Each structure stands twice: as structure tokens, then as C-alpha cells.
Colleague: 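Just passing along the structure, written as C-alpha cells.
A quick note: this is a predicted structure, and the numbers were derived from the prediction, not measured. All ligand and atom numbering here is 1-based and tracks the order in the structure.
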Amino acid sequence: MRTLEHLFKNNRDWVARMQKGQPGFFADLARQQSPRYLWIGCSDSRVPANEIVGLRPGELFVHRNVANVVVHTDFNCLSVIQYAIEVLGVRDVIVCGHYGCGGVATAVGRPGNGLIDNWLRHVRDVYTRHRHGLDAVSGSDAMLDRLCELNVIEQVRTVCGTTILQDAWGRGQSVSVHGWVYNIQDGLLRDLGPCITGPDEVESLCDAAAQNALAGQG
Ligand code: CO
């Protein structure tokens with residue numbers, strides 16, 4: 001017995017709507033995808049990548065995990081970045097975090113959550129790196145907001161340090177890396193500042209964005 005019948009009904013309704021809006025939509029899309037953007041975001045169900053930037057199927061290549069973390073040994077994420085840049089030729093990589101991120105809060109909360117504490121250790125490392133500035137922020141909610149922003153900025157730094165971005169820039173491919181944060185309270189995105197177009201900009205722009213975040217202007 002199919003117990004999730006309502007989802008299949010939703011799917012059929014969605015197909016009908018899409019076909020009505022643009023006849024042949026799926027046939028056209030099946031031929032190829034050529035998204036301009038790669039989105040690296042949190043798995044949180046309240047942050048649906050395509051929807052919040054108004055993009056349709058075929059326009060956004062997506063990788064999501066808990067707390068939008070990019071790790072140099074995560075072959076899942078690295079494979080997505082490599083395919084996006086080397087095969088699909090995306091021009092913009094967007095790392096997007098969000099306020100109220102449970103992963104970020106857990107990273108600086110009590111340990112004892114099992115496996116996920118290892119994953120979130122990377123966010124904890126961001127906290128440690130910026131501890132001096134974060135400890136000066138008054139209010140735990142405000143501190144977590146700043147940490148959400150700094151986590152994005154540090155993941156941008158990591159994306160830029162991968163062999164994939166370094167090689168792309170080295171051969172003259174035009175790719176920019178952006179750091180954004182999404183507010184689940186009002187649905188709005190904020191640009192945290194870094195828009196990195198080459199290896200020489202990484203440290204200076206990420207450091208400046210981190211300083212702005214800690215100054216409350218992120
Ligand atoms: Co999250």
C-alpha cells in the first residue's frame with residue numbers, strides 16, 4: 001500500500017501547473033541542465049533553496065548539509081563543487097547559512113549528541129577562531145546570529161581554498177564565491193559581503209566580512 005499518496009497527488013498537480021505555464025517544460029529540461037549558480041546551504045526544511053531565490057528547476061545546482069559546512073575531506077561536497085564548476089560551468093557559488101540554525105546552536109551547546117558532534121566540530125572551530133570577538137557580544141541569541149554569519153564566511157574561505165576553485169581561477173575561469181545569510185523570521189536574504197573572484201581576494205575579503213559581522217553590520 002502506498003502510504004504517501006498525497007505527495008504523489010501533489011506531484012501530479014505540480015507537473016500539470018508547470019506544463020500549463022510552459023508547454024514542453026520537462027522535455028526541454030530533460031535535454032540538458034545549465035544552471036548558473038551553485039547553492040551550498042543548510043538541510044533545514046525552512047530554507048528551500050530554489051524557492052527563496054525564485055529559481056526554477058534547472059537554474060540552481062544544490063548541495064545541502066547540516067549547518068552548511070564545507071570540509072576539505074568531504075568528497076560528497078567536493079564532488080558537487082567540482083561537477084558544478086568543471087562540467088556545468090557555474091559562475092557563482094553561494095554559501096548560504098541561516099539565523100536560528102539548530103546545527104550552529106548545537107555546535108556551541110552541550111556535547112553528547114553522538115555522531116553529529118564530530119560534524120559540528122567544524123562549526124565549533126569557527127567559534128574558537130573568533131572566540132575573542134564572539135565573547136564580547138551581549139546576549140546569547142545575538143552571539144548565535146554572529147556565529148551563523150561567521151560560519152558562512154569561514155565556509156566561503158574553505159570553498160575558495162579547495163583545489164577546485166584554485167584550479168578554476170588558475171586557468172582563468174570566471175567564478176565568484178558569495179556568503180549570504182537567510183532570516184527564517186522574515187524570509188529575507190542578506191549578503192554578508194564577501195564576493196570573491198580570485199585567490200588574492202580570499203583572505204582580505206573574508207577577514208573584512210568577519211570584522212563587519214562582529215561589529216554587528218554583517
Ligand atoms: Co541550519
Colleague: Between the side chains of D13 and K9, is the shortest nitrogen-to-carboxylate-oxygen separation below 4.0 Å, so that they form an ion pair?
Modeller: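 Judged by the 4.0 Å cut-off on N to carboxylate O distance, K9 and D13 do form a salt bridge.
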Colleague: State whether E59 and R56 are salt-bridged, where the test is any N-O pair (Lys NZ or Arg NE/NH1/NH2 against Asp/Glu carboxylate O) under 4.0 Å.
Modeller: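 Looking at E59 and R56, the cut-off is not met.
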Colleague: Would you please say whether a donor-acceptor pair under 3.5 Å links the side chains of H178 and D92?
Modeller: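 Yes.
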Colleague: Donor-acceptor pair, T158 side chain versus E154 backbone, under 3.5 Å?
Modeller: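 Checked: pair present.
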Colleague: Do the ring centers of F25 and W14 come within less than 6.0 Å of each other?
Modeller: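 For F25 and W14, the ring centres are not under 6.0 Å apart.
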Colleague: Give a yes-or-no answer on whether the side chains of N151 and Q155 include a donor-acceptor pair shorter than 3.5 Å.
Modeller: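 A pair is found: one side chain offers a donor N or O, the other an acceptor, under 3.5 Å apart.
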Colleague: Could you enumerate the protein N, O or S atoms under 2.8 Å from the Co ion (ligand 1), written like residue then atom name?
Modeller: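 Metal shell, protein only: C42 SG, H98 NE2, C101 SG.
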